[in-house]
Amino acid sequence: MEFAFYVAAAVALAATVMVVTRLDAVHALLYLVVSLLAIALVLYTLGAPFAAALEVILYAGAIVVLFVFVVMMLNLGRVALAQERRWLAPRTWIGPGLLALVLLVELLAVLGPTPPVQPGAISAQAVGAALFGRYLLGVEIASMLLLAGLVGACHLGRRTTEGT
Amino acid sequence: MAALPLEQALVLAALLFALGLAGVLVRRNVLYMLMSIEIMLNATALAFVAAGARWAQPDGQVMFVFVLALAAAEVAVGLALLLLLYRRFGTLDADALSELRG
């Protein structure tokens with residue numbers, strides 16, 4: 001299980017680096033799918049099979065498909081690729097990249113030694129019982145948030161006449 | 001099943017979060033910035049699940065479900081805004097949004 005964790009973590013990190021650095025949007029999306037699947041495996045090794053299944057179904061399934069639809073609608077071609085190459089010159093990324101690295105080193109330094117994860121998986125039944133027991137109000141608020149997102153996306157996505 | 005140290009899952013979450021942060025800072029294309037935000041949300045959700053596994057409580061996974069709902073709502077509105085931006089300005093450059101200044 002430990003071995004699976006390290007392999008999946010390495011795959012997730014490598015795929016995420018590729019997502020951030022790819023020029024072609026579709027290539028970046030494919031690496032994003034790989035990264036999300038690797039994180040799902042990490043979740044499974046951490047004893048959260050329900051979260052792993054949700055990660056595959058919702059992130060790798062629904063959200064990435066949404067991205068793919070948008071990339072199809074944008075219909076980016078070679079011009080966008082050249083523009084992307086121009087934008088991603090070392091001059092532009094070295095500064096923010098170094099600053100993010102400093103923050104990461106600080107964060108890793110703050111993390112002290114911790115006791116190990118308790119073995120054994122947490123079943124979907126326990127998660128469901130907690131979700132519809134103690135966290136019922138949170139579920140209702142999440143449903144309102146999703147409704148607001150739906151209405152907002154519907155409103156923004158509708159075709160309007162020019163100048164309005 | 002061998003016990004994993006919690007620290008290493010948190011280090012993985014921190015690394016993924018930093019990569020997403022670097023993506024938001026470095027890329028000028030709004031599409032990539034949205035993808036990087038997804039990576040950052042995913043990293044925080046991973047940290048929640050790892051902490052939940054440490055104490056063998058389902059609460060971590062409950063928070064994971066909430067982060068998932070948040071990410072879905074965020075990406076729906078974000079991509080709708082992106083399409084609107086592309087339709088109006090003909091570019092995905094985040095700097096083009098500076099024209100929104102009043």
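Letters A, B, ... mirror the listed sequences (proteins, then strands); counts begin at 1. Remember, predicted model here, so these are calculated numbers, not experimental data.
Interface remark: A:Phe50 contributes backbone and side-chain atoms alike to the contact with chain B (heavy atom separation under 4.5 Å). In this structure, chain B has a heavy atom under 4.5 Å from the side chain of A:Leu108, while its backbone stays farther away. Contacts between B:Leu70 and chain A at a heavy-atom distance below 4.5 Å involve backbone atoms as well as side-chain atoms. Using a 4.5 Å cut-off between heavy atoms, B:Leu85 makes no contact with chain A at all. Both the backbone and the side chain of A:Leu66 come within less than 4.5 Å of a heavy atom of chain B. Using a 4.5 Å cut-off between heavy atoms, B:Leu19 contacts chain A through both its backbone and its side chain. Of the atoms belonging to A:Leu111, heavy atoms from both backbone and side chain fall under 4.5 Å from chain B.
Ranking B:Ala56, B:Gly52, B:Gly20, B:Ala43 against chain A, the residue ahead of the rest is B:Ala56, based on heavy-atom pairs under 4.5 Å. Among the candidates A:Gly149, A:Gly157, A:Ala48, the residue making the largest number of heavy-atom pairs closer than 4.5 Å to chain B is A:Ala48. With chain A as partner, the option from B:Gln57, B:Gln61, B:Glu74, B:Glu7 having the largest number of non-hydrogen pairs under 4.5 angstrom is B:Gln61. The candidate with the highest count of non-hydrogen atom pairs below 4.5 Å against chain A, out of B:Ser36, B:Ala53, B:Ala22, B:Ala73, is B:Ala53. No other option in B:Val62, B:Leu25, B:Leu82 has as many heavy-atom pairs under 4.5 Å with chain A as B:Val62. Of all the listed residues (A:Ala142, A:Gly138, A:Gly152), the one sharing the greatest number of non-hydrogen pairs under 4.5 Å with chain B is A:Gly138. Between chain B and the residues A:Ile141, A:Leu23, A:Val151, A:Ile94, the largest count of heavy-atom pairs under 4.5 Å involves A:Leu23. Residue with the most contacts toward chain B among A:Leu43, A:Leu107, A:Leu74: A:Leu74 (heavy-atom pairs, distance under 4.5 Å). When each of A:Val139, A:Leu103, A:Val71 is checked for heavy-atom pairs under 4.5 Å with chain B, A:Val139 comes out on top. Contact count versus chain A (heavy atoms, under 4.5 Å) is highest, among B:Ala69, B:Gly23, B:Gly60, B:Ala51, for B:Ala69. Counting heavy-atom pairs closer than 4.5 Å to chain B, the top residue among A:Leu104, A:Leu150, A:Leu147 is A:Leu104. Note on B:Val24, B:Leu21, B:Leu16: by heavy-atom pairs under 4.5 Å with chain A, the leading option is B:Leu16.
What you find for A:Ser35 and A:Thr16 is that their closest heavy atoms are OG-OG1, 3.1 Å.
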